[in-house]
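See structure below.
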Amino acid sequence: MGIVITAFERSPDGGKGLARDTRVRWALEETGQPYDVRLLSFPAMKAPAHLALHPFGQIPTYEEGDLALFETGSIVFHLAERHAGLFPQDANARARAITWMFAAVNTIEPPILDLVIVRIHEGDKPWAAERLPLVADRIRGRLKQLVAHLGDSEWLDGDFSAGDLMMVSVLLRLRPSGILDEFPCLAAYVARGEARPAYQRAFAAQLAINAAPPSAG
Ligand code: GTB
């Protein structure tokens, strides 16, 4: 069996590439691995067959022979470790690339997810309007620090790596809020990631599913 990942049957973003299968598709494209996609409805994501692969009933998952993985950080790490293209050869540079992967999901992504939660899931609560600017400012604080590190560099640490793939993917989620554009250095960094041919292929593949007209019946 080749590589099979799961994705939303139809992403709520209508094909903007914000659902997390895009980062796995991107890593697969960067490392030149062919893959198939199994599309899941929301009920199917919560059914026992999928819960056996993903204990939290989410997408994406990754299957390859008798290996089944969930968590995008782990899936991208697995691909980077097994195939050329996402980790540097030098052991210390590789350790730093892994550090940036963790920084993306552990330091930058949490406040960005808080913003999604307060805007979408808690938007009708009486305290949402008060909480929103606090969360937005927490994100701005982190982004200022990231800008201080990135400076004029093209990527976070030397050549493009899995650390950049994860960081760009996380920052992309901010675009609808307008906060990313407040930081031209980071907006340009994200645009460099999106311009990579592997990202373009990944984006087009998810768009083909999510922008297609709903099938009849
Ligand atoms: N930490 C896990 C990982 O990185 O793999 C998180 C996985 C996750 O959050 N999966 C989401 C999911 O399955 C899809 S990506 N949600 C359904 C559920 O939990 O029941 C999150 C996402 C969803 C929709 C948009 N969007 O429409 O803009 C963007 C991102």
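Just follow the structure's listing: the first ligand is 1, and inside any ligand the first atom is 1.
Looking only at distances, a side-chain donor or acceptor of Q206 sits under 3.5 Å from a matching main-chain atom of G15.
With a 6.0 Å cutoff to the six-membered ring centre and a 45° limit on the axis angle, R25 does not count as a cation-pi contact of Y35. A cation-pi arrangement is not found for R20 relative to W26, the charged atom failing to lie both closer than 6.0 Å to the ring centre and inside a 45° cone about the ring normal.
Hydrophobic clustering (ILVMFWY, side-chain heavy atoms < 4.5 Å, transitive): L146 and L150 are in one cluster.
Here the shortest heavy-atom pairing between G193 and Y199 reads O-CB, 3.4 Å.
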Note every protein N or O atom lying under 3.5 Å from an N or O atom of ligand 1, pairing the names and giving the distance.
{"unit_1": "ligand 1", "atom_1": "1 (N)", "unit_2": "E71", "atom_2": "OE1", "d": "2.8"}
{"unit_1": "ligand 1", "atom_1": "1 (N)", "unit_2": "E71", "atom_2": "OE2", "d": "3.3"}
{"unit_1": "ligand 1", "atom_1": "4 (O)", "unit_2": "R20", "atom_2": "NE", "d": "3.3"}
{"unit_1": "ligand 1", "atom_1": "4 (O)", "unit_2": "T72", "atom_2": "N", "d": "3.4"}
{"unit_1": "ligand 1", "atom_1": "4 (O)", "unit_2": "T72", "atom_2": "OG1", "d": "2.7"}
{"unit_1": "ligand 1", "atom_1": "5 (O)", "unit_2": "T72", "atom_2": "N", "d": "3.0"}
{"unit_1": "ligand 1", "atom_1": "9 (O)", "unit_2": "R20", "atom_2": "NH1", "d": "2.9"}
{"unit_1": "ligand 1", "atom_1": "10 (N)", "unit_2": "I59", "atom_2": "O", "d": "2.8"}
{"unit_1": "ligand 1", "atom_1": "13 (O)", "unit_2": "I59", "atom_2": "N", "d": "2.9"}
{"unit_1": "ligand 1", "atom_1": "19 (O)", "unit_2": "Q58", "atom_2": "NE2", "d": "3.0"}
{"unit_1": "ligand 1", "atom_1": "20 (O)", "unit_2": "K46", "atom_2": "NZ", "d": "2.5"}
{"unit_1": "ligand 1", "atom_1": "27 (O)", "unit_2": "D13", "atom_2": "N", "d": "2.9"}

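Side-chain contact check for M166 versus W100: every heavy-atom pair is 4.5 Å or farther apart.
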